[in-house]
Every structure is written in C-alpha cells, then in structure tokens.
Amino acid sequence: MLSEKMEEALNKQLNNELYSAYLYLSMSAYSTYIGLKGFANWFMVQYQEETVHALKFYNYILDQGGRVKLMAIAQPMAEFKSPMDLFEKTLQHEKFITKCINDLVDHAIAEKDHAANIFLQWFVTEQIEEEGNDNEIIAKLKLVGEDGPALLMLDKELASRVFKPPAAASED
Ligand code: FEO
C-alpha cells in the first residue's frame with residue numbers, strides 16, 4: 001500500500017533514475033566522439049544500470065498497487081571539458097541522487113512505511129558503491145594528469161567494465 005505522497009515521491013525518483021540513464025548515455029556518446037572508447041563503454045554500462053534502477057521503482061510502485069506516472073525527461077548536457085570533467089559531473093550527480101534516496105528514506109520512516117524503507121535500503125547501499133567508483137576513477141585521473149599514454153591505459157581499463165543484468169547482479 002502506498003500513500004499518495006509516497007507514490008508521488010517514488011514516481012519522481014523513477015524520473016530521476018531515467019534522467020541519470022539519459023545523462024550517462026550522453027556522456028557515452030561524448031566519450032566516443034573524443035576517441036575514448038573505454039570511457040564510452042563505462043558510461044554505456046552506467047546507462048544500463050540506471051535503466052535497471054528506474055525499473056526497480058517502476059515495479060515497486062506497481063507491486064504496491066500504485067500508479068506509475070511517467071514524466072518528461074530533462075535534456076542532459078552534451079558538452080564536457082575533459083575526461084576529468086565527465087567524472088566530476090558524474091560524482092556531483094550521484095551525490096544529488098544519494099540525497100534524493102536519503103530524503104525518500106526519511107519520508108518512509110516518517111510515514112512508518114516499512115515496505116518502502118526496506119525497498120530503499122538497496123539504493124542506500126548502491127549509492128555507496130556508485131560514489132566509490134566515481135571517487136576511484138577521479139583519483140586515477142588526477143594521477144594521469146596530462147599524460148596521454150596513461151589516459152589511454154585508463155581507457156583500456158574502463159573498456160573492461162561489463163553490465164550485469166538484474167538476475168546476475170542479484171547473485172553478488
Ligand atoms: Fe541510480 Fe546512479 O544511481
């Protein structure tokens with residue numbers, strides 16, 4: 001069972017997750033354009049993960065007998081200054097998503113909505129991993145600096161990221 005307010009908040013987060021997917025798809029396209037196919041792969045996997053996050057909200061709302069209300073997805077930025085800029089903006093965005101999830105948990109606790117609270121815990125954990133990944137890559141980019149060959153080595157590393165579909169992901 002969902003309150004009207006919780007349904008609205010979950011639909012808003014569904015939209016935030018779809019926007020995240022859209023943003024990372026844009027970053028993937030930019031990365032390909034500047035010749036960094038490994039970066040492009042990393043962002044394409046991120047795009048796929050965000051669609052999974054969006055579908056988790058979609059399914060949860062429906063499972064609770066609520067209405068899914070799809071809203072317009074904002075246009076993501078398309079121009080970036082550098083590989084560092086891509087990941088600084090990624091981290092900034094993920095910090096925003098972490099705040100949204102934390103606010104949703106606060107909302108669930110205030111309403112004594114235990115089911116929503118349990119559902120949201122998966123996202124609390126996921127956000128630790130997401131910010132951690134971004135921090136790790138930003139640290140590597142700092143080491144790389146202006147070194148072209150080192151950037152290409154990092155690009156090769158990011159090319160190895162593989163998308164794990166939900167069934168496989170849940171085995172982690
Ligand atoms: Fe769905 Fe990147 O958080």
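Computed from a predicted model, the values in this text were never measured in an experiment. First listed ligand is number 1; within each ligand, the first listed atom is number 1. Values below: every heavy atom of this structure, side chains too, minus hydrogens, waters and symmetry copies.
- When only modelled atom types and interatomic distance are considered, His53 and Ser20 share no side-chain donor-acceptor pair under 3.5 Å.
- For atom 2 (Fe) of ligand 1, protein N, O or S atoms closer than 2.8 Å were enumerated as Glu50 OE2, Glu94 OE1, Glu94 OE2, Glu130 OE1, with waters left out.
- Sorted by first then second residue, the salt bridge (charged side-chain N to carboxylate O under 4.0 Å, His left out) pairs that include residues 44-53, not counting sequence neighbours, are Glu49-Arg161.
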Quiz item: Going through the distances and angles, do Phe87 and Trp42 end up as a ring pair (Phe, Tyr, Trp, His ring centres under 6.0 Å)?
Solution: CA-CA 11 Å; Phe87 276 95; Trp42 194 94; 4.9 Å; yes
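- Among residues at least two apart or in separate chains, ring-ring contact (aromatic ring centres under 6.0 Å, His included) pairs with a member in residues 59-80 are Tyr30-Phe80, Tyr60-Phe119.
- No donor-acceptor contact under 3.5 angstrom links the side chains of Glu88 and Gln92, judged on distance only.
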Expected list for residues 62-70: side-chain donor-acceptor pairs under 3.5 angstrom, two or more places apart:
{"from": "Gln64", "atom 1": "OE1", "to": "Met1", "atom 2": "N", "distance (Å)": "2.7"}
{"from": "Lys69", "atom 1": "NZ", "to": "Glu7", "atom 2": "OE2", "distance (Å)": "3.1"}

